[in-house]
Amino acid sequence: MPFARIDLIKGKSPEYRRTIGQIVYTAMVEVLKAPENDRFQVITEHEEGNFIYDPSFFGIERSVDLIFVQMALAEGRTVEQKRAFYKQVADELHAQLDLRREDIFINLIGTGREDWSFGNGEASLVKS
Amino acid sequence: MPFARIDLIKGKSPEYRRTIGQIVYTAMVEVLKAPENDRFQVITEHEEGNFIYDPSFFGIERSVDLIFVQMALAEGRTVEQKRAFYKQVADELHAQLDLRREDIFINLIGTGREDWSFGNGEASLVKS
Amino acid sequence: MPFARIDLIKGKSPEYRRTIGQIVYTAMVEVLKAPENDRFQVITEHEEGNFIYDPSFFGIERSVDLIFVQMALAEGRTVEQKRAFYKQVADELHAQLDLRREDIFINLIGTGREDWSFGNGEASLVKS
């Protein structure tokens, strides 16, 4: 059920953007134990002036390649799972796209299980 | 106070998009008991490659007409209200726009009452 | 760690948009006690038809200059801090950009401290 918003500056190829989505999805399934095929994401490309980040906050040097990943998901994952999720996303983006690990900013938003309808006008995760 | 983000693939008419917003708003008022005129929404249209969804997750067949509705609202609604909200949104989108019920994905995000300012720099829902 | 999404109708200058971001950031640091340089924001400009608001809900008269500010941040701020944040954002937008206080809609979304990675694939706010 996670729903991810991925934001970045314009200029990357469709294949590059698609791969970001694929990596976030794979880490969701492998680490956060989301079900297979539970993939819902929007990617938004911004003009440079509308994509604002600090280049060195928290001692991390960021570049124009920075991506924001904001993902809503039902609560219940442990801190260790979240930690492993961040690591896998960063490791894979680095391995597959040569994206610097410094350039990956992630924010999770917790929800209840009753907060999701995957279709058909039903509350998909609660029994009726 | 709900604030809704509606995302879909480019190509629908302004009237079609406006009607989606109207239907989400009406269900908010009728089912979730939001006050009349409490309507704040942004609609974002995406290139197909930036709008990613699984075509059959959870046994639901989705098409390029899929819409994502993500809505922040103060906590306090019951599971039954949320369930009825999903149903009314899907039923009305189907009735008014011939949108397939399978093509409606909804995610709610709960907030506190102190998390809203409707204007004037005030915390609108908490007493001063 | 706050991550802000700022939405408005197209037509404002880059400088105007940049100043909105600056004011939201400054209030975050001064009032919500976010650390210096903790600035991560995306600004999205919309066609008028995709930016939907009620012109008088809650007795507040809104115009096409309305902006939505939606900000995710770790829980722990008091109601008084949030109230002061809304006020400073509205006061400064009015003072610096002549934006009407009525035209500022703000929504906060609370998260856990484990819900943030500022980079390097690490859970930035929890000890390992």
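Quick note on labels: first sequence line is chain A, next is B, and so on, each numbered from 1.
- Close approach to chain C, defined as a heavy atom under 4.5 Å from one of its heavy atoms, is seen in B:Val42, B:Ile43, B:Thr44, B:Glu45 of residues 42-61 of chain B, taken by number.
- Nearest heavy atom pair, residue B:Phe3 against residue C:Gln70, reads CD2-NE2, 3.5 Å.
- Residue C:Phe68 touches chain B through its side chain alone, counting heavy-atom pairs closer than 4.5 Å.
- In this view, C:Arg39 satisfies the salt bridge (Lys or Arg N to Asp or Glu O under 4.0 Å) rule with no residue, not counting sequence neighbours.
- Taking CG of C:Asn107 as the start and CZ of B:Phe40 as the end, the distance is 11.5 Å to the nearest 0.5 Å.
- Per-residue heavy-atom pair counts under 4.5 Å with chain B were compared for C:Arg83, C:Lys87, C:Gln88, and the maximum is reached by C:Arg83.
- Counting heavy-atom pairs closer than 4.5 Å to chain B, the top residue among C:Arg5, C:Glu80, C:His94, C:Lys82 is C:Lys82.
- Using a 4.5 Å cut-off between non-hydrogen atoms, the part of residues 111-123 of chain B that approaches chain C consists of B:Thr111, B:Glu114, B:Asp115, B:Trp116, B:Ser117, B:Phe118, B:Gly119, B:Asn120, B:Gly121, B:Glu122, B:Ala123.
- Under the side-chain hydrogen bond (donor to acceptor under 3.5 Å, both in side chains) criterion, C:Asp103 pairs with C:Ser63, C:Arg100, sequence neighbours left out.
- Heavy atoms of C:Asp7 lying under 4.5 Å from chain B belong exclusively to its side chain.
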